[in-house]
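Here it is, the structure, as structure tokens.
Residues: numbered from 1 along the sequence shown.
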Amino acid sequence: MSDEPKAPEKDAGKTSDEPAGKVVEKPAEPQVSEPETAASPVLSGEVPEPEMVPAGKSGDAPAETGQAEEEFSITGSLPEPRTRTLGILAAGVLALDVLTKVVSVAFLEGGDPIKLFGGVLYLTFVRNPGAAFGLGEGMTWILALIALGVAGFIFWISRNLRSQGWAVGLGLVLGGAVGNLADRLFREPGPMRGHVVDFLSLFDPYGRVWPVFNVADMAIIGGGVTIIVLALMQHDYDGTVHRESAAPAEADGQPEPK
């Protein structure tokens, strides 16, 4: 009688321990802790913020560099001013003109003409009160003012001179104009009335076939022809080239209506 009630107590004790152990083994903490640990980096903001900030900076950097490169290409596309070419060529023409005139005054004045190349060219001596090739005699002071205006105009547009061809043409004109202007300012009979020294003649020693001329005259004519050709080709002194654009109908591949 005393043993029978003890067995159920042990069984009951076992049964009472098993549910208690099962309750401990199945807590709700792991289920709650897993979402908390997974969400904690997102809530803390440590991982997203370092990733988003460099991404935004790196995304803006290419755009800024691209804009900088585009602006540099636009400003860098313009050619450099050709004032150096203009100045060197004008100085060379002026130096050659002054040197040849000094030599002609020293060796040709008062002497006989010298025949060269079988009579194609003669070295002679003439004091010319007019313009290039003996034109405009009696207008020495007016021609001096014109030469001053031409030189001033060339200096003014040289700031935007970006065409090599225009630099050559204007350099020739500037050197020739200053060369003859120096004669009108410093030679006899006086300032603004001085006579230009000419010493080259074609096919005749006295300029009866072609007027007697000098180096400055050749430079002025050569530079003027160069400028006219460039203007006809629609080349401006600032380096731009004007070309006729095709008609819209032709651009679409459709012929223009006649």
Shared hydrophobic cluster for I154 and W156 (ILVMFWY, side-chain gaps under 4.5 Å)
yes
I would like to know whether V196 and K101 meet side chain to side chain contact (heavy atoms under 4.5 Å, CB included); could you show each step before the answer?
CA-CA 9 Å; V196 177; K101 287 175 180 177; 4.0 Å; yes
Residues I227, Y237; criterion side chain to side chain contact (heavy atoms under 4.5 Å, CB included); working and verdict
CA-CA 9 Å; I227 293 172; Y237 68 92; over 6 Å; no
Without swapping roles, check the side chain of W166 against the backbone of R82 for a donor-acceptor pair under 3.5 Å.
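A pair under 3.5 Å: no.
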Between the side chains of N180 and D97, is a donor N or O closer than 3.5 angstrom to an acceptor N or O?
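Side-chain D/A pair, N180 to D97: absent.
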Side chain to side chain contact (heavy atoms under 4.5 Å, CB included) partner of M192, chosen from T140, L145, L181:
L145
Compare every heavy atom of L170 with every heavy atom of L86, then report the nearest pair and how far apart it is.
CD1-C, 3.5 Å
Is a side-chain N or O of D236 found less than 3.5 angstrom from the main chain of D238, in a donor-acceptor match?
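Checked: no pair found.
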So which atom in S201 and which in G207 form the shortest heavy-atom distance, rounded to 0.1 Å?
OG-N, 3.2 Å
Exercise: identify the closest heavy-atom pair between G176 and A216:
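Looking at all heavy atoms of both residues, the shortest contact is O-CB, 3.4 Å.
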Candidates I220, V126, L202 - the one meeting side chain to side chain contact (heavy atoms under 4.5 Å, CB included) with F213:
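The option that passes is L202.
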For N214, which of D198, D183, T100 qualifies under side-chain hydrogen bond (donor to acceptor under 3.5 Å, both in side chains)?
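It is D198; the other options fail the test.
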Looking at every non-hydrogen atom in both residues, tell me the closest pair between A219 and V93 and how far apart they are.
CB-CG1, 3.5 Å
Show your reasoning for whether side chain to side chain contact (heavy atoms under 4.5 Å, CB included) applies to L200 and V212.
CA-CA 5 Å; L200 298 173; V212 183; 5.5 Å; no
Step by step, would you call F125 with V197 a side chain to side chain contact (heavy atoms under 4.5 Å, CB included)?
CA-CA 7 Å; F125 186 86; V197 174; 3.7 Å; yes
Specify the closest pair of heavy atoms between L108 and F199, including all atoms of both residues, with the distance to one decimal.
CD1-CB, 4.0 Å
Is V105 close to R187 at the side-chain level, that is, under 4.5 Å between some pair of heavy atoms?
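In contact.
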